[in-house]
Amino acid sequence: MGKRLLEQKQRIDSERLYPPREAIELLKALDGAKFDESFEVHMHLNVDPRKADQLVRGTMMLPNGTGKSQRVAVFAVGEKAVEAENAGADVVGSDDLAARVQNDNFMDFDVAVATPDQMATVGRLGQILGPRGLMPNPKSGTVTMDVAKAVEEIKRGKIEYRVDRYGIIHGIIGKKSFDADSLVQNYFSLRDELVRARPSAVKGRYVKSITVTTTMGPAIKVDPSVERE
C-alpha cells in the first residue's frame with residue numbers, strides 16, 4: 001500500500017457510516033492522483049443474482065453525466081447507419097465491422113448498439129463481446145431501431161447497471177473534478193434508481209452496504225438510510 005493511500009486512510013473513520021455529502025466532500029479534499037479520477041459507488045444488495053427474479057439490471061441517465069466520453073460502435077446498414085453516424089457514433093458497420101472485431105481484434109469502443117436485423121451478425125461475436133459486457137441487449141436499450149436516440153443518450157451519460165455475482169452494483173457517478181453538488185445529485189439518482197429496481201422477490205433489508213471511492217483513493221462507508229437532501 002502506497003504512502004499516500006495510508007495517509008488518506010488515516011483521515012477516515014473506518015467504523016463510521018458517513019452521510020453521502022460528507023463522504024463525497026472528504027474524498028474530494030484528499031490529495032489524489034495526477035489524473036482526474038473517477039468517483040465510484042459500490043452498493044451491496046441483498047439479492048441472489050443466480051435467481052432470475054432477483055437480477056437487478058437496467059439503464060439510467062445521470063443528471064450530470066459521468067464525465068467519461070463513451071465510444072460507441074453501431075451495427076446497422078442503410079438509413080440507420082447514416083442516422084447513427086449523424087448522431088455521433090464513433091464507428092458504424094455491419095459484416096465489415098464484425099470482421100474487424102473478429103479478425104483484427106478491433107475493440108476501440110465502450111458500448112455496442114445494433115438494430116434488430118443485425119443481431120444475427122452480432123451474435124457471431126458473442127464469445128468476444130459477451131465476456132467484456134459489450135453484447136447489445138434489448139433490456140439495456142442497445143438493440144433498437146432508434147439508433148440515433150441510443151447513441152445520443154450514451155454520449156450524454158446514459159449508464160447501464162447490473163448486479164455482479166456477489167450481489168454488488170458498481171457504478172461511476174462522475175469525476176473528481178465535478179463539484180460536490182453534481183456528485184451528490186448523481187449519487188442519489190443512482191441510489192434511487194436501484195431502490196426503484198428492487199425485485200419483488202427480495203424480502204427484508206435490501207441494501208446491505210454502500211461505499212464510495214475514487215480510482216486511486218480509499219473507500220468510505222456511506223449510510224444507506226440517508227435520503228435525498
Side-chain angles (χ1 to χ4, degrees), residues 12-21 23-24 27 38-63 65-66 68 70 107 110-114 116 119 122-144 150 153-154 157-174 183-215 217-228:
I12 298 166
D13 184 349
S14 61
E15 301 301 317
R16 183 185 171 203
L17 293 179
Y18 287 76
R21 176 175 288 276
I24 286 170
L27 277 173
S38 293
F39 247 85
E40 305 169 7
V41 174
H42 304 278
M43 186 180 294
H44 192 183
L45 305 178
N46 180 29
V47 297
D48 185 349
R50 294 170 299 178
K51 298 179 179 179
D53 60 354
Q54 294 189 36
L55 184 63
V56 180
R57 180 179 186 177
T59 60
M60 66 171 294
M61 291 290 296
L62 288 175
T66 63
K68 179 182 178 181
Q70 296 275 65
M107 298 299 300
D110 304 298
V111 183
V113 176
M119 286 310 292
V122 178
R124 301 198 299 267
L125 307 175
Q127 290 185 332
I128 301 172
L129 300 181
R132 295 174 170 83
L134 293 173
M135 196 68 181
N137 188 295
K139 292 183 178 178
S140 64
T142 49
V143 176
T144 176
E153 287 185 343
I154 292 166
K158 183 179 181 180
I159 63 169
E160 179 179 4
Y161 58 85
R162 182 173 183 173
V163 68
D164 69 12
R165 60 179 176 172
Y166 303 108
I168 302 173
I169 294 280
H170 307 276
I172 292 176
I173 58 168
L183 290 167
V184 170
Q185 189 177 20
N186 279 355
Y187 165 86
F188 278 111
S189 293
L190 176 60
R191 175 192 175 278
D192 293 350
E193 168 66 18
L194 296 181
V195 170
R196 185 202 61 76
R198 174 179 179 150
S200 58
V202 175
K203 307 301 179 185
R205 184 182 179 187
Y206 176 51
V207 181
K208 288 185 175 181
S209 65
I210 302 176
T211 59
V212 294
T213 184
T214 55
T215 307
I220 299 180
K221 296 177 183 178
V222 175
D223 188 347
S225 68
V226 176
E227 298 293 333
R228 187 182 287 267

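Keep in mind that this is a model prediction, so the values were computed, not measured. This chain uses plain numbering: 1 for the first residue, then up along the sequence.
Proximity of Val143 to Val122: side-chain heavy atoms (C-beta onward) are nowhere separated by under 4.5 Å. The shortest distance between side-chain heavy atoms of Pro20 and Val184 does not fall below 4.5 Å. Looking at heavy atoms from C-beta onward, Tyr18 lies out of side-chain contact with Val212 at the 4.5 angstrom threshold. Side-chain contact check for Leu27 versus Pro218: some heavy-atom pair is nearer than 4.5 Å. Proximity of Val207 to Leu45: side-chain heavy atoms (C-beta onward) are separated by under 4.5 Å at one or more points. At a threshold of 4.5 Å between non-hydrogen side-chain atoms, the residues Phe39 and Asn186 do not count as touching. Side-chain contact between Val41 and Tyr161 is absent, with no heavy atoms from C-beta onward closer than 4.5 Å.
For the ring-ring contact (aromatic ring centres under 6.0 Å, His included) test, no residue two or more places apart in sequence or in another chain qualifies with His44.
Here the CD1 atom belonging to Ile173 is positioned 4.5 Å from the CD1 atom belonging to Ile24, to the nearest 0.5 angstrom. Atoms CZ and CG, on Arg50 and Asp48 in that order, are 4.0 Å from each other to the nearest 0.5 Å. Rounding to the nearest 0.5 Å gives a distance of 8.5 Å between CZ of Arg21 and CZ of Phe188. With values rounded to the nearest 0.5 angstrom, Thr66 atom OG1 is found 6.5 Å from Ile172 atom CD1. His42 NE2 to Thr211 OG1: the interatomic distance, rounded to the nearest 0.5 Å, is 5.5 Å.
Of the possible polar contacts, one joining the Thr142 side chain to the Asn137 backbone as a donor-acceptor pair under 3.5 Å is found. Using a distance-only test at 3.5 Å, with no hydrogens or angles considered, no donor-acceptor pair links the side chain of Thr213 to the main chain of Glu40. Looking only at distances, a side-chain donor or acceptor of Asn46 sits under 3.5 Å from a matching main-chain atom of Arg205. Looking at Tyr206, its side chain does come within 3.5 Å of a backbone N or O of Leu194 through a donor-acceptor pair. Gln70 places no side-chain N or O within 3.5 Å of a backbone atom of Asp110 that could act as its donor or acceptor partner. Judged by distance alone, the side chain of Lys221 and the main-chain N or O of Ser14 form a donor-acceptor pair under 3.5 Å.
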Stepwise side chain to side chain contact (heavy atoms under 4.5 Å, CB included) test for Thr59 and Ile159:
CA-CA 6 Å; Thr59 60; Ile159 63 169; over 6 Å; no
Can you check side chain to side chain contact (heavy atoms under 4.5 Å, CB included) on Met107 and Ile128, steps first, answer last?
CA-CA 9 Å; Met107 298 299 300; Ile128 301 172; 3.9 Å; yes
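Classification of Arg57 and Glu160 as a salt-bridged pair holds, one side-chain N sitting under 4.0 Å from a carboxylate O. A salt bridge does not link Lys51 to Asp53: none of the charged side-chain nitrogens sits closer than 4.0 Å to a carboxylate oxygen.
Looking at every heavy atom in both residues, Pro131 comes nearest to Gly126 through CD-O, 3.6 Å. Residues Gly171 and Leu190 approach most closely at CA-CD2, 4.4 Å, considering heavy atoms. The shortest non-hydrogen separation linking Pro49 to Leu55 is O-CD1, 4.3 Å. Across Ala150 and Val113, no two heavy atoms sit closer than the pair CB-CG1, 4.2 Å. The two residues Ala201 and Gln54 have their closest heavy-atom pair at CB-CG, 4.2 Å. Of all heavy-atom pairs between Met119 and Ala114, the closest is SD-CB, 3.9 Å.
Among residues at least two apart or in separate chains, salt bridge (charged side-chain N to carboxylate O under 4.0 Å, His left out) pairs with a member in residues 186-199 are Arg191-Glu227, Asp192-Arg228, Glu193-Arg196.
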